[in-house]
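All remarks here apply to the structure that follows.
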Protein chains: 2
Amino acid sequence: MNIQAHIDPSQEPSATQRAYLAIRRMILVGELPPGEKLKIEKLRSILDMGGSPIREALTLLVSDQLVERLDQRGFRTAEISPENFAEILRLRCLLEETALRESLRNSDTVWEDRLVLSHHRMMREPRSNVERFEELHKAFHMNLLSASKSPVLLRFCNQLYDLNIRYRYLAGKALNYSKRDIGKEHTDIMNAAVDRDIETACRLLLDHYRTTGAFLEKHFSAELTARTV
Amino acid sequence: MNIQAHIDPSQEPSATQRAYLAIRRMILVGELPPGEKLKIEKLRSILDMGGSPIREALTLLVSDQLVERLDQRGFRTAEISPENFAEILRLRCLLEETALRESLRNSDTVWEDRLVLSHHRMMREPRSNVERFEELHKAFHMNLLSASKSPVLLRFCNQLYDLNIRYRYLAGKALNYSKRDIGKEHTDIMNAAVDRDIETACRLLLDHYRTTGAFLEKHFSAELTARTV
DNA sequence: TATCGAAATAATATCGATATTTTTGACGGA
DNA sequence: TCCGTCAAAAATATCGATATTATTTCGATA
């Protein structure tokens, strides 16, 4: 989410902004599958606007690594691969741990309030409302890091989070997380964070990511072998 | 450098490509100072093209964090600050070390040849040709990492490198690096890399960055206090 | 039947014009 | 003098049309 958030929410967002959010959503949830050619004309008719804001939105998405730009040959959604997924997981662990440590060192009560609140909201949201839940889930995780005073780092974490969420959507409901209690995992992470127990918080967070990652990886490789047959 | 490189170099680059490279260069070398408003009309007349490729190039530069986009209020070059500089240095150390370790683990003779060659070219280039030297200097450092199989990580390193180079240009010739022998530092790093001595290579690389960082930081804070008076 | 190349088609990239929005600056009231 | 307001000016954002470039189709040739 590179785009500057609106200060004044009453104001109508620009066409570019609308296009950016709409296309981004479509890619994340898988409505636009990986590797798909993104034709300006088609997007124009879907989003009902001129070509300029579409192109600009796509260019913004290039920075999020959700879209690839081929000079003179238009745009396509980023490809996926097990290697890419594994790299994202690795990088997330590296960067989020760094950010979490820094965040906890700088943490104050404002941060704590924000964290507790976002946790509460996430827990209350029914998992059935997938997109809404994912939004709150992301907010919770980003709030963990939010007391870090490293904007560039946070931007990377944010970006990696979105890249990862895409894989989660693509795996779809096939994933039922068997015996895990995701709610408890989150609560434990939050408690460790609120206690400012840096080591425990980091350990729990990374476990959380790695366990989910292992699930997804398994699912993903099954998918791929099924597909290539 | 997000933009897809041309496969066929005989081909004329698109206007967007030209604009991207031109504006990027102007920002990096400081011709467009930090915080400067980037007026489409002005850039249009400088680069002699329509508004669309300019806007698209600026949007691409947003992803490089060299340009900020303010919805409905145009573009401006990214601000600089001591905090930003320090963060870039920290992140570079973290990410480049990770990338270097991976690169050395995966290294082969192709990588080694590329590295040696880029080192040679850099050493031969007179420091007086600043822009050309910086290009070769970047190539050398990126080649150190280039055997890493983590494209996202490499992209981050590349981006951070450019953000850092900008500070070097801004500090300008004021910097004469006193008693350091930069050439030797590079050669030592290369030798450790060629020896696949991961620990030494990492240590030397980070020292190299941190020493330069300390120089710049000193220069930079002097600049700022002078300016704010 | 496979391959090459040229024409036809489709898509992208770019321009110039226009609609919106933000910024500026002058004016008058407190 | 200090604000707030409103119109004028400037700049951005967007559109529709066109030029450019890539892709496909289709036949001719080997």
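Every chain is numbered from 1 and lettered A, B, ... according to where its sequence line falls, protein lines coming before strand lines.
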Rounded off to whole Å, could you give me the [atom1]-to-[atom2] distance for the [X] and [N] pair?
X: A:Ile54; N: C:dT12; atom1: CD1; atom2: P; answer: 11 Å
X: A:Asp71; N: C:dT14; atom1: CG; atom2: P; answer: 8 Å
X: B:Glu41; N: C:dT21; atom1: CD; atom2: C1'; answer: 17 Å
X: B:Leu70; N: D:dA13; atom1: CG; atom2: P; answer: 9 Å
X: B:Ile40; N: D:dA13; atom1: CD1; atom2: C1'; answer: 9 Å
X: A:Phe75; N: C:dT12; atom1: CZ; atom2: P; answer: 9 Å
X: A:Tyr20; N: D:dA13; atom1: OH; atom2: P; answer: 16 Å
X: B:Gln72; N: C:dA19; atom1: CD; atom2: P; answer: 17 Å

- Query: Side-chain donor-acceptor pair under 3.5 Å between A:Tyr209 and A:Asn164, yes or no?
  - Reply: no

- Message: What I want to check is whether the side chains of A:Ser107 and A:Glu112 have a donor and an acceptor closer together than 3.5 Å.
- Response: no

- For the pair B:Arg90 and B:Glu87, find out whether any cationic side-chain nitrogen is under 4.0 Å from an anionic carboxylate oxygen. no

- Taking only the side-chain heavy atoms of B:Met49 (C-beta and beyond), determine which of C:dT12, C:dT14, C:dC15 contains the nearest atom.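 So the side chain of B:Met49 is nearest to C:dC15.
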
- Message: Using the side-chain heavy atoms of A:Pro53, tell me which of these nucleotides is nearest: D:dT12, D:dC15, C:dC15.
- Response: D:dC15

- Query: Which part of the nucleic acid, if any, lies within reach of B:Leu58 when heavy atoms closer than 4.0 Å are counted: base, sugar-phosphate only, or nothing?
  - Reply: nothing

- Task: Would you classify A:Lys37 as touching base, sugar-phosphate or nothing, given that sugar-phosphate means primed atoms plus P, OP1 and OP2, and contacts are heavy atoms under 4.0 Å?
- Result: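 It contacts sugar-phosphate atoms only.
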
Can you see if the side chain of [X] gets near the phosphate of [N] - specifically, an N or O under 4.0 Å from OP1 or OP2?
X: A:Arg55; N: C:dT12; answer: no
X: B:Arg73; N: C:dT23; answer: yes
X: B:Ser14; N: C:dT12; answer: no

- Query: Is there any side chain to side chain donor-acceptor pair (under 3.5 Å) pair reaching into residues 26-42 of chain B, and which pairs are they, with sequence neighbours excluded?
  - Reply: B:Arg25-B:Glu31

- Whichever of B:Glu56 and B:Arg44 has its nearest DNA chain C nucleotide further upstream toward 5': B:Glu56

- Message: Working note: B:Arg69 + B:Asp71, criterion salt bridge (Lys or Arg N to Asp or Glu O under 4.0 Å); need CA distance, chi angles, decisive distance, verdict.
- Response: CA-CA 6 Å; B:Arg69 179 201 168 84; B:Asp71 202 54; 3.8 Å; yes

